[in-house]
Amino acid sequence: MHIDSVRVAGFRSIKGTSLDSCGNLNVLIGKNNSGKSNLLAAIKKFFAHFAAADGKVATLSPDMREPSDWYLKNTSSSIEISVTLALGELEIEDLRDSIVSETPQVRNALAGAELSHLVTVDLKFLPASPMVAYVSKIAFGAHGAEDGEILSVSRDSAIEMAQTSASLDAYSEEFALLDSVLSEFDEDDWKRVRERGYMPPSARITRTLGGGPQVPESLLKYARASSSFSEFQAICRNRSQQLAERREKASTSPFEHPISTFSGSATSVPGYITSFLKKISGLNVHVLAEQRAPIGQVEASRILKLKTSRGQGAVLRGIQSVVSGLLGVQIDAFSADDPQMARRALPSSRRNDGMPAELDVDDFLVQLNGSGIREALRLILDREFERPDILLVEEPEVHLHPALEISLMQYLKEVSSDCQIFLTTHSTNFLDVGSLENVYLIRKTQETCVQSVDVDEAEAAIPEELGLRLSSLFMFDRLAFVEGPSDEHILRLFASAMGVSFGQAALGFVTTGGARNFTHYATASTLSFLRKRNVRTVFVLDRDERDGGDIDALKSRVEGMSEVKVLRRREMENYLLCPAAISRCLKVKSKGAVDVSPLDVASSINEVCEQLFELAVERNVLKHACRPVIPRRELILKRADGELFENSIKSELDDSIRRLSELSESIPRLMEEARSSIQAEWGLRKSELIPGDEILDGVFIRHGLRFNKKRDGVEIASLMQEEDIPEELRSLIRDLVQ
């Protein structure tokens with residue numbers, strides 16, 4: 001039995017959403033506060049309810065007490081958690097046999113029915129007055145199936161059943177109390193309770209009922225209502241008989257509000273329903289919450305018990321092998337040097353679980369190891385010891401090094417074949433590890449929403465050689481393609497200076513390695529896939545020597561799928577020519593040796609630009625002169641009938657030589673045209689036409705330094721205030737997040 005799908009409505013940040021087609025390993029990935037933990041909490045509360053209900057259809061006082069458990073704190077509506085369970089053939093057959101044995105009249109109907117291997121259980125939580133949790137529906141098939149309904153419970157029926165169940169529990173509890181009193185109390189015990197109001201230390205009654213020394217109110221009343229021990233015993237016997245009669249009547253009385261079952265209307269819960277709910281409660285569901293208990297005494301005691309128990313050596317070696325293979329450390333346990341202190345360190349519920357012990361990791365106490373190793377051990381040992389049917393893990397990446405994240409994810413993939421796993425994360429490594437089938441992107445605007453991610457489709461649409469990580473596609477609402485890492489750093493620093501949050505806008509960056517790779521990234525399959533996922537994409541390109549025609553051609557390639565933003569200045573470094581920021585950068589880089597005023601820096605920038613006029617001309621000519629001249633392969637392959645291959649390829653090579661010759665002869669003309677074009681704009685735009693890194697390097701050289709594009713460009717950007725940022729880039733940054 002495992003989870004096929006989960007639907008949640010009205011719970012915390014969830015108005016209504018679902019996890020569909022769940023598999024062995026289910027990854028819920030999203031930003032902080034998107035609602036991942038709430039989905040996991042809903043699954044936890046579903047199974048925790050059945051574990052506590054012990055087969056009951058309805059109970060009072062469920063574990064939904066805080067107004068914040070209700071969506072928008074609207075406690076006038078119910079919380080609904082619906083789980084579709086996939087049953088094995090034997091489990092389906094067992095359920096069918098249970099129904100037939102209790103209601104033989106439906107044998108023929110069941111025999112001819114094509115029963116689904118799916119069974120959907122709808123659990124509802126009603127708000128206070130009274131606070132009730134109940135199974136509103138059980139049906140064969142997925143959510144919403146009508147034909148295979150085997151139980152349907154109305155609100156009124158649920159309240160009646162829950163109140164009856166609560167009464168039965170109260171009767172049983174007091175009956176057990178009185179039974180213990182009648183068999184254990186003597187006259188001195190009666191006097192102690194009657195006169196002093198506390199339990200006798202010799203009585204086993206506190207252990208029987210799991211209580212403390214406090215005297216139950218009913219017992220104190222009976223003791224003080226009696227004038228002798230024999231009268232007290234008579235009162236207890238009469239009350240015990242009265243409780244037995246009430247319990248019998250309550251358990252056999254038909255419901256005033258009937259329920260609907262597979263065989264029709266009923267005034268009691270069929271045994272097959274109770275049996276099926278107990279099977280759900282029997283599932284071992286283990287939860288590793290975000291705040292986890294530190295690893296130590298309990299685990300050490302369990303390992304030591306394996307170590308000292310006959311026939312358990314193989315189990316211990318298996319656990320040690322798993323830990324060693326994943327984490328590269330050896331674990332072992334030994335008797336504690338101070339048993340009394342070690343025993344006191346254990347939780348009170350575990351102090352009788354074997355001998356006190358200490359856990360060693362590579363010959364050091366586990367407490368002396370790093371938090372990453374301890375967190376990874378917590379997950380691994382919990383799974384190896386508990387062997388759960390369903391494992392719920394919140395943020396397994398906490399405190400882990402990226403390499404450990406990947407190792408742990410691979411471990412979870414391996415064990416998910418016999419333990420269904422649901423985990424929440426905002427670590428992209430858990431998505432990029434590959435071979436994941438069930439990935440759910442969790443988003444939140446006004447409410448939590450779930451989007452199932454088709455990893456196969458994404459991998460087909462995004463060629464591996466692009467180097468795009470899957471996390472880039474599923475963790476962001478916007479992607480900006482920039483030419484180099486320094487471009488991203490500069491834009492981020494400028495955004496921070498402007499008070500603009502790229503993180504809040506879910507904007508991610510992809511580095512293309514230069515404008516020459518534009519067509520490589522701007523493939524129709526990539527952009528159409530992103531567009532279908534409502535991911536807005538923008539290409540931010542340097543102008544270099546592009547003219548209007550070049551820019552129009554670039555934009556036409558992605559029209560309808562993406563945007564192209566071409567900088568007006570030659571490259572990103574041209575936006576760093578801020579004299580005040582460069583002055584401060586020179587002082588920092590020289591460790592105080594260079595101290596020039598912004599006015600001097602501005603003068604240096606102008607002088608360097610004048611010296612680089614010919615460089616601007618050369619770059620302009622290179623744009624035309626260094627365009628590739630390539631023999632046209634397709635013309636050779638599609639040559640005329642009867643034309644020899646050798647003649648065709650020679651003709652194409654000769655044509656390429658001709659084109660190169662013509663280009664060579666045009667160099668003087670290209671140089672003259674470039675000088676004329678640049679001179680026309682030089683007076684107003686000289687610092688925008690020359691490569692920005694060359695200008696900055698020229699300024700730095702004047703002071704005995706060299707400009708490093710990666711380090712110094714980011715440093716200058718970090719020293720610029722909002723008013724120093726050119727309006728063109730401020731407008732671009734605002735547009736990226738809108």
Side-chain angles (χ1 to χ4, degrees), residues 454 456-468 473 479 481-484 510-532 537-567 570-571 616-678 691:
D454 190 333
D456 290 338
E457 180 189 7
E459 290 177 339
I462 310 300
E464 183 179 351
E465 60 268 22
L466 288 189
L468 277 176
L473 310 182
L479 283 179
F481 292 81
V482 294
E483 294 191 19
V510 178
T511 302
T512 64
R516 63 186 178 279
N517 294 327
F518 172 78
T519 55
H520 195 46
Y521 280 83
T523 60
S525 63
T526 301
L527 297 181
S528 61
F529 174 79
L530 291 169
R531 189 166 180 265
K532 185 170 70 174
T537 56
V538 180
F539 287 83
V540 180
L541 304 178
D542 292 344
R543 176 170 289 272
D544 296 327
E545 280 68 43
R546 294 186 181 91
D547 56 26
D550 298 327
I551 294 170
D552 289 342
L554 290 173
K555 291 182 177 180
S556 67
R557 284 180 176 270
V558 298
E559 189 173 2
M561 296 183 293
S562 184
E563 297 176 74
V564 174
K565 302 280 189 181
V566 179
L567 301 177
R570 192 184 185 282
E571 59 190 35
V617 172
E618 291 172 5
R619 294 296 176 92
N620 188 281
V621 173
L622 284 172
K623 167 196 170 184
H624 302 284
C626 290
R627 283 177 175 168
V629 175
I630 303 171
R632 291 161 291 189
R633 185 173 182 268
E634 68 278 3
L635 292 181
I636 300 170
L637 293 174
K638 296 178 180 179
R639 62 189 178 276
D641 292 342
E643 184 180 1
L644 293 176
F645 170 75
E646 293 89 341
N647 293 339
S648 178
I649 193 169
K650 184 177 182 303
S651 174
E652 186 58 32
L653 289 171
D654 288 343
D655 186 70
S656 298
I657 293 170
R658 179 187 58 77
R659 284 184 282 156
L660 283 171
S661 178
E662 290 175 353
L663 185 58
S664 177
E665 293 172 359
S666 70
I667 295 301
R669 177 179 56 80
L670 293 174
M671 292 285 288
E672 185 60 34
E673 290 176 354
R675 283 195 181 93
S676 176
S677 173
I678 293 171

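The shown structure was predicted, so the numbers you read here are calculated from the model rather than taken from an experiment.
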Heavy-atom closest pair, residues [X] and [Y]:
X: Leu554; Y: Val564; result: O-CG2, 4.1 Å
X: Val566; Y: Arg543; result: CG1-CA, 3.8 Å
X: Leu635; Y: Ser648; result: O-OG, 4.3 Å

Atom pair [atom1] ([X]) and [atom2] ([Y]), whose distance is rounded to the nearest 0.5 Å:
X: Leu527; Y: Arg557; atom1: CG; atom2: CZ; value: 11.5 Å
X: Lys565; Y: Lys555; atom1: NZ; atom2: NZ; value: 7.5 Å
X: Asn647; Y: Glu652; atom1: CG; atom2: CD; value: 13.5 Å
X: Ser677; Y: Asn620; atom1: OG; atom2: CG; value: 6.0 Å
X: Ser562; Y: Leu479; atom1: OG; atom2: CG; value: 9.5 Å
X: Glu545; Y: His624; atom1: CD; atom2: NE2; value: 8.5 Å

Exercise for review: Measure from the side-chain N and O atoms of Arg531 to the backbone N and O of Thr537, and report whether any donor-acceptor pair falls under 3.5 Å.
Suggested key: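 Flag not set: sc Arg531 to bb Thr537 has no pair under 3.5 Å.
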Review point. Has the side chain of Ser666 got a donor or acceptor atom that lies under 3.5 Å from a matching backbone atom of Leu663?
Key: yes
[X] [atom1]: over 12 foreign heavy atoms closer than 6.0 Å:
X: Arg659; atom1: CZ; result: yes
X: Glu662; atom1: CD; result: yes
X: Arg633; atom1: CZ; result: no

Point to revise | Glu673 with Arg669: basic N within carboxylate O range, under 4.0 Å | key: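 Salt bridge present between Glu673 and Arg669.
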Check your understanding: Would you call Arg619 and Asp544 a salt bridge, taking side-chain N to carboxylate O under 4.0 Å as the test?
Key ->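 Salt bridge absent between Arg619 and Asp544.
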Is there a side-chain contact between [X] and [Y] (heavy atoms, below 4.5 Å)?
X: Val617; Y: Ile678; answer: yes
X: Arg632; Y: Asp655; answer: yes
X: Asp550; Y: Lys623; answer: yes
X: Phe481; Y: Val538; answer: no
X: Arg658; Y: Asp654; answer: no
X: Val558; Y: Glu563; answer: no
X: Val482; Y: Val510; answer: no
X: Glu483; Y: Val540; answer: no

